[in-house]
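Let me begin by presenting the structure, written as C-alpha cells, before commenting on it.
Residue numbering restarts at 1 for every chain, and letters A, B, ... go by the order of the sequence lines.
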2 protein chains.
Amino acid sequence: MEKQRKRAPSARSLQTKARILDAAEQIFAERGFEGASMRDIAKLAEVQVGLVHHHGGGKKELFHQTVTRRADELAALRLDGLEALKQSGEVSLRGLLDVFMRAYVTLTQTGGVQWHHYGRLVAHVSADPRWRPLAAQCFDPTATRFIDEILALYPKAERQAAATGQVYSVAAMLAFLNTGWRIEALSPGAAEAQVDQLIDFCTAGMEAILTPKTQ
Amino acid sequence: MEKQRKRAPSARSLQTKARILDAAEQIFAERGFEGASMRDIAKLAEVQVGLVHHHGGGKKELFHQTVTRRADELAALRLDGLEALKQSGEVSLRGLLDVFMRAYVTLTQTGGVQWHHYGRLVAHVSADPRWRPLAAQCFDPTATRFIDEILALYPKAERQAAATGQVYSVAAMLAFLNTGWRIEALSPGAAEAQVDQLIDFCTAGMEAILTPKTQ
DNA sequence: GTCTATATGTAGATAGAC
DNA sequence: GTCTATCTACATATAGAC
C-alpha cells in the first residue's frame, strides 16, 4: 500500500504535496496562471511559500503538475466508456459524444469541489494558446481516438470536419462547465436534462458538418 | 458624459490615445489582464509609462476602455444586419445565426490585425467570470435581441433553451476565432466554407434543443 | 500632454537553520 | 521536510518639471 522509494515519502509529505496541488488547482482555476501567486497558493494550502517551490519546482512546473495530475484519470474514464460502448455493439454518434462528455461533466459538477476546480482549470488551458503543447499532451490522444470512431461511422466525411466538430463540442462543453450554473443545485432530473441538452446540441451540430451539404 | 469640449483634443493627443488603446488591445489579447503589464503596453505604443496611466486611468479602467471601444461598432454591425434580414422577409434560424456571426468572424480574420486582436480579447472577457459585468454590458443587449427573434420563430421553445443554444454558439464561434486557423491564409472560397461550417454546426445544434425531443 | 524620477507594494525564487 | 529570512526583479501608480 505505502509507497517507499528512496528514504521515506512519509505519508505526511505526500499529504502536504496533495494539499499544495489541491490549493494550486483552485487558485489557478480561479485566477489563471498569471493571476495566481505562489503566496496565495501557500496560504490556502496552509504551508510556507518555500514548500510550494520545494514540491512544485517553480510556478510553471507546478501548473503543469496540477493539470496533468487528473488528466490520466480523465482519459481512462473516457476510454473505458468507449470500450464499453463498442462492446455493447450500439455505437452511434450520440453515444460517442455522450461517453466523451457525460462522465466528465457530471464529475466536475457533482464530484466534489476539486473536480469542479479542475473543470475551470481545463478551460484556462484550452483557451490560452500558450498552453497548447500541454493541452495536446493531456487531451489530444483521447480526442483523436474519438475522432477515429466518428469517422468510422461516417466514412465519407473528411477528417477535418470531424476534428472541427470536436473542437466546437469541447468549446460548448467548457462553456457549460463555466457558465456558472451549479447544476447540482437543481433537481437531479434537471441536471441530467441539462447534460442531455448539451449532448443534443453537439450531436446535431456534429452530424450537420459530417454529412455532405448537398443533402 | 460628453467628451472634453474644453480646450483642444489636439489631433496628436487623440492619435496617442488611439495608439495606446491599440497596444493595450494587443497585449491584453495575447496575455490576458494579469499577464499584461502597463510597461509592455507603453513600450508597444512607443510612449512613456505615465502616459498610459494618464490616458487609460489605471490598468483596470484601461482594460474596460479597450473592450468597450469596439463594442458599439460590433453591436451596430449585428443589429443592422438583423434589420436588413427582417426587411428581406426571409427570417430563418440559420439567417439569424449567420447575421450574428459572419460579419464579426470575417472581420476578426480578414479585417486587419486590430480586429484579430479584439477577437481574442473578447474570448478572454467571455471566459473569465471576473469580467462578467463588462461582458453583460457590452454584449448581452444584442444577444437578447437575437434570442427574441429566435423565440419568435419557435414559439413553443423555452427561453432557457434558446439562451443556452446562444451560449454554446458563441463558445463555438470563439473557439473558431482562437484555434489559430488564419483563414485568410486559405483561399477565399475555403475561408467562407469554414464560416459556413461553423454556422451549420450552430444552426443544427440550436434547432435540436429548440424542438421538443418527443417530436 | 508629455516626460523623468520615484514611491510603494508584491512577485518568484533561494539560502540556510532546524 | 519544513520554516524563517531575504534577495532581486518588476509591478502599478503618482508627483512634478517642462
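In summary, the side chains of B:S37 and B:D40 do present a donor paired with an acceptor at a separation below 3.5 Å, with no hydrogens or angles considered. Between the side chains of B:E192 and B:Q197, no donor N or O sits under 3.5 Å from an acceptor N or O. With 3.5 Å as the limit, one finds a donor-acceptor pair spanning the side chains of A:K17 and A:Q65.
Residue A:R19 contributes atom CZ, which lies 12 Å from atom C1' of D:dG1 at whole-angstrom precision. Summarising the geometry, the separation between CD1 on A:I41 and P on C:dA13 is reported as 11 Å, rounded to the nearest angstrom. Here D:dA13 presents its C1' atom at 12 Å from NZ of B:K59, a figure rounded to the nearest Å. One interatomic measurement links the two molecules: CE of B:M38 to P of C:dA7, which rounds to 20 Å at whole-angstrom precision. Between the P atom of C:dG1 and the NE2 atom of B:H55 lies a distance of 6 Å, rounded to the nearest Å. Atom CD in A:Q48 sits about 15 Å away from atom C1' in C:dG16, given to the nearest Å. Following rounding to the nearest Å, B:H53 (NE2) and D:dG16 (C1') show an atom-to-atom distance of 16 Å. Here C:dA11 presents its C1' atom at 17 Å from NZ of A:K60, a figure rounded to the nearest Å.
Phosphate contact (OP1/OP2 of C:dG1, side-chain N/O of B:T16, threshold under 4.0 Å): absent. Within the structure, every side-chain polar atom (N or O) of A:S10 is placed at least 4.0 Å from both OP1 and OP2 of D:dG1. Taking only side-chain nitrogens and oxygens, B:S37 comes nearer than 4.0 Å to OP1 or OP2 of D:dA11.
The shortest distance between side-chain heavy atoms of B:L77 and B:E73 does not fall below 4.5 Å.
A:A36 comes within 4.0 angstrom of sugar-phosphate atoms only, judged by non-hydrogen atoms across all strands, and of no base.
Not a single donor-acceptor pair, N or O on each side, falls under 3.5 Å between the base of D:dG1 and the side chain of A:R12.
Crowding of A:R132 atom CZ: a count of heavy atoms from other residues, nucleotides or ligands under 6.0 Å not exceeding 12.
DNA chain D is contacted by both B:G57 and A:L51; A:L51 maps to the nucleotide lying nearer its 5′ end (nearest heavy atom per residue).
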